[in-house]
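Shown next, in structure tokens, is the structure this report addresses.
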Amino acid sequence: MYTRVSRSGGRAYLQLVEAYRNAEGKPRQRLVANLGRLDQLTAADLEPLIGGLQRALGRPSGASAEPVFESAKAFGDLFALQSLWEELGLSRALKRAVRSSHRGFHAEALIRTMAFNRLCDPCSKLGVLRWLQTVAMPQVPELVTHDQLLRAMDALMDHAQAVEKAVAAQLRPLVDDTLSVVFYDLTTVRIHGTGHMEDDLRAFGLNKRTGGIARQFVLGIVQTAEGLPIAHQVHTGNTSEAGTLLPMIQAVIRQFPIQRVVVIADRGLLNLDNLAAVEGLKTAEGHPLEYILAVPGRRYAEFSETLAAVKLTEGLGETLWQGRRLIVAHDAERAQAQKASRMGKIEAIEAEGDRLARRLDEADAGIPQRGRRASDRGAYLRFNQKVRDARLTRVLKADLEAERFSFERDADALQALEKLDGTLLLVTNTDLDAREVLARYKSLADIERGFRVLKNDLAIGPVYHRLPERIRAHALICFLALVLYRVIRMRLKASGSATSPRQALALLRQVQRHSVVINARTYHGIGRLDPVQHDLFRHLKLTPPQTPVAA
């Protein structure tokens, strides 16, 4: 049954018509009622009829049929993250680890909320509450409080070992158990706060980002050759890099039963004590741990005699050092760039030294000068500070014993440095080909992007938490967000897409969830996906959300 507008004699009539089939099965129509002329019908005439039909369907009658639209909320990026979270088994792992009947909220849902926030719009815990008002977060209560977020962080750390074990179990299928190349590196995260407490992670140390002293904590992360984070540890802000390597490796061996592990770490993690300890470790299968470690630049001078006997073939050579394999790689273009950069610094410092000397000569000659009167000691201090900042103390030397300010360039020291330009020294106990060792180490540059993601895209710092366990919980939440980020990156890269995870989430964020109220009934639906968004779900190997409106 339906309504029809019929025209006759220049007038339009509203009719109620029924469609049926006759005895022969042919479709026919018959007039049920003539509701009147359209030009004479008013809303007051039709509202009772509409209300009666609404009551027949069990819907409220008498309300206005005008739709009321509520604010649209971002949905597509959270839907993709939720699908990935479920697929990786993180939801099941966290629910099992932090399950409790004593809390009045679901801790896993709030932990997931904070992890998704780091990926979509990183902000403080109070900022998370404001962010939740603008997004359609799946499976999260409408009313979330700041206290509940903090208690969820506490629950996370109350079961930290269980959580890390459960997450490792979910990631284990993604790690090759026969030969796994893992990368280890550290970063520093700035933190605010005053005072001191027991087991305080906030300590003053050399910040990698600013190069100055800052209150911070140290975060170490192990990633696979594909860039997947599999383990992390939090240390106090003044922890030395070398001392963190051993416990981190031991944790990885415990969590991942890998038959053969090759650890690749950066320059700051090498010392003889570390090597002896690392070589004493064994995997669960009893195989010795293998490593590829870079020699710190500050120790290159110790290898001068060793390098003199190494013959390079196509920029690559090998020898023995302390009974271990030493891989020597030389890049001519990089050597030229380093030499040019150093000479630029030397010439600039020497120019400043000449200016300071002229100023002293003018002061001795009685020529008026602006500012503080020049002195030999002041010139020495300023010159030496610039030399130290440029790390050229072995090349440029001021004579502190001379009566007058003077300096000189040590040609032999400069020549020794130039011989090492463009050189990379790697120590390893693997049986990999030298070129393979070099290629593996160079992959570390890609892995280090994970830290840039932590600091830029996920905005891990600065941190405003005071309690050590809250700081550790914040780091673990950021680690979970990094896992999702890198899985997204791996899938986009494997599909041939040039889109970055950040761009992908921004494009999916444009898919919004809409709500409209009609006759006191609320209807929900999502916007139609465009071809680019459909392609992103295909690249991510995820099923896109369904678009029909649901009541």
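The basis for the numbers below is simple: all heavy atoms, side chains too, and nothing from hydrogens, waters or symmetry mates.
- With contacts defined as side-chain heavy-atom distances shorter than 4.5 Å, the pair K397/R409 does not qualify.
- Between W85 and L480, some side-chain heavy-atom pair lies under the 4.5 Å cut-off.
- Within the 4.5 Å cutoff, no side-chain heavy atoms of V181 are placed close to those of V263.
- With ring centers used as reference points, F405 lies under 6.0 Å from F383.
- Counting heavy-atom neighbours within 6.0 Å of Q161 CD, excluding the residue itself, gives a total of 12 or less.
- The pair D433-R435 does not meet the salt-bridge criterion, since no charged nitrogen lies less than 4.0 angstrom from a carboxylate oxygen.
- Ion pairing between a basic and an acidic side chain is recognised when a charged N comes within 4.0 Å of a carboxylate O; D364 and R404 show such pairing.
- Judged purely by distance below 3.5 Å, without hydrogens or angles, the side chains of N207 and Q216 pair a donor atom with an acceptor atom.
- The environment of CZ in R391 is sparse: at most 12 heavy-atom neighbours from other residues, nucleotides or ligands sit within 6.0 Å.
- Without hydrogens or angle criteria, R325 side chain to E318 main chain gives no donor-acceptor distance under 3.5 Å.
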>> D457 vs R118, test: salt bridge (Lys or Arg N to Asp or Glu O under 4.0 Å). Steps then yes/no.
In response: CA-CA 8 Å; D457 293 8; R118 306 319 297 181; over 6 Å; no
>> salt bridge (Lys or Arg N to Asp or Glu O under 4.0 Å), that's the test. Do E436 and R440 meet it? Break it down for me.
In response: CA-CA 6 Å; E436 176 68 11; R440 290 294 189 181; 2.9 Å; yes
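- The side-chain heavy atoms of L149 and M153, taken from C-beta on, include no pair separated by under 4.5 Å.
- A salt bridge links R324 and E279; the closest N-O separation between the charged side-chain nitrogens and carboxylate oxygens is under 4.0 Å.
- Taking 4.5 Å as the limit, some side-chain heavy atom of Y300 sits within range of a side-chain heavy atom of L424.
- In this structure, L505 and L81 have side chains that are in contact, with non-hydrogen atoms separated by less than 4.5 Å.
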